[in-house]
Number of protein chains: 2
Amino acid sequence: MNDSIQKRSNSIGVRLKEARKLAGLSQGQVANMLGLHRPSVSEIESGNRRVSAEELHRLCDIYDVSLDWVVGKASGSISPDDPRLELAARELSKLNPDDLNRLLHVIAAMRSDKDSGEGNT
Amino acid sequence: MNDSIQKRSNSIGVRLKEARKLAGLSQGQVANMLGLHRPSVSEIESGNRRVSAEELHRLCDIYDVSLDWVVGKASGSISPDDPRLELAARELSKLNPDDLNRLLHVIAAMRSDKDSGEGNT
DNA sequence: CTAAAATGTAAGATATTCTTACCAGATGTA
DNA sequence: TACATCTGGTAAGAATATCTTACATTTTAG
């Protein structure tokens, strides 16, 4: 039936993909930075190719995310509802104070947009 | 002379070996725990075989050392010191998925730019 | 010194990764 | 709409790495 191809559990790949997109990079750009071909990056993200420790290290630097997070090591963690929430929270810690302030306003605006007139039980 | 065998820069292997000895484990024991053959562990430590991200993760747990240390990362520190960070995280958890997506883009835009290279094969 | 345990290494078998190419979806433009 | 471009997924044979077993060397303990 299945002849030797193994799908990996993946979560690292998914996180790497999330992180790449957040960094605003294409697979091709990342491939160039790592000295890989684009399909390799694609396979890594889909869990069809393993990431070596060195590659992982470089990717974390490029995306500016922590090794622990990418590998799924439980860190304090905020809330487990949406996987992207974790990432977003992590990204927040990298903003400078001014940006963080602006962001708080953006968040506030988003919320009042939607539930204007709601009372919060 | 040398036909296609590549020696890796290694430092990860050296650290893993160091960590293993500190943990008081033999290569054989570690190999069993990881479901590998002993020679594979030997090759990893000597830098003749790559360590995958998952293997690295498990090894770090077994040896009780941090990922950052093993890969030689300058002890990175994300400081959760800023009280506003917590507030922002709390706010994030209240957003709906769409807003969260939009927010991720806002954050990405805020991030001072990364390099841009070119792309597709 | 000897025995046992641990580690290093060789070689063919097996599996993964690379490389190139092509395809489809998305996006922007005239 | 039609067209060009960018992006990401995947296939297939070639290239390379890893596995597995066996044996050699080193280390440790008695």
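Chain letters run A, B, ... following the sequence lines, proteins first and then strands; every chain starts at 1. In this text the structure is predicted, and so the values were computed from the model without any measurement.
Side-chain contact between A:Tyr63 and A:Leu16: present, with at least one pair of heavy atoms (C-beta onward) separated by less than 4.5 Å. Contact annotation: the side chain of B:Asn48 never approaches that of B:Arg8 to less than 4.5 Å [non-hydrogen atoms, C-beta and beyond]. The shortest distance between side-chain heavy atoms of A:Leu56 and A:Ile12 falls below 4.5 Å. B:Lys73 is listed as a side-chain neighbour of A:Cys60, based on a closest heavy-atom distance under 4.5 Å.
The only member of B:Val30, B:Leu67, B:Val41 that meets side-chain contact (heavy atoms from CB on, under 4.5 Å) when paired with B:Leu59 is B:Val30.
In this structure, the side chain of B:Ser40 does not engage the main chain of B:Leu36 through any donor-acceptor pair within 3.5 Å. Between the side chain of A:Arg15 and the backbone N or O of A:Val71 there is no donor-acceptor pair closer than 3.5 Å.
Remark: A:Asn10 engages no residue in a side-chain hydrogen bond (donor to acceptor under 3.5 Å, both in side chains) (not counting sequence neighbours). Residues passing the side chain to side chain contact (heavy atoms under 4.5 Å, CB included) test with B:Gln29 are B:Leu25, B:Ser26, B:Met33, sequence neighbours excluded.
Summary of helix geometry: the two end axes of the helix from C:dC1-D:dG30 to C:dA30-D:dT1, each defined by five base pairs via their C1' atoms, are inclined to each other by 50° (rounded to 10°).
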Listed pairs, N/O of protein and of nucleotides 20-22 of chain D, under 3.5 Å:
from: D:dT20; atom 1: OP2; to: B:His37; atom 2: NE2; distance (Å): 2.8
from: D:dT20; atom 1: O5'; to: B:His37; atom 2: NE2; distance (Å): 3.2

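Distance check: B:Leu22 CG to B:Asp64 CG gives 11.0 Å after rounding to the nearest 0.5 Å.
Nucleotide D:dC6 holds its C1' atom 13 Å from the NZ atom of A:Lys21, rounded to whole Å. Distance CD (B:Gln29) to P (C:dA6): 7 Å, rounded to an integer number of Å. The separation between B:Asn32 atom CG and D:dC19 atom P is 14 Å, rounded to whole Å.
Across all strands, B:Ser42 comes closer than 4.0 Å to base atoms (heavy-atom distances). Within 4.0 Å of A:Lys17, counting heavy atoms only, lie sugar-phosphate atoms of the nucleic acid but no base atom.
Residues from residues 44-61 of chain B lying near DNA chain C, meaning a heavy-atom separation below 4.0 Å, are absent.
Applying the salt bridge (charged side-chain N to carboxylate O under 4.0 Å, His left out) test to residues at least two apart or on different chains, the pairs with a partner in residues 36-56 of chain B are A:Arg50-B:Glu55, A:Glu55-B:Arg50, B:Arg20-B:Glu45, B:Arg49-B:Glu55.
Using a 4.0 Å cut-off, no side-chain N or O of A:Gln27 falls inside it from OP1 or OP2 of D:dC6.
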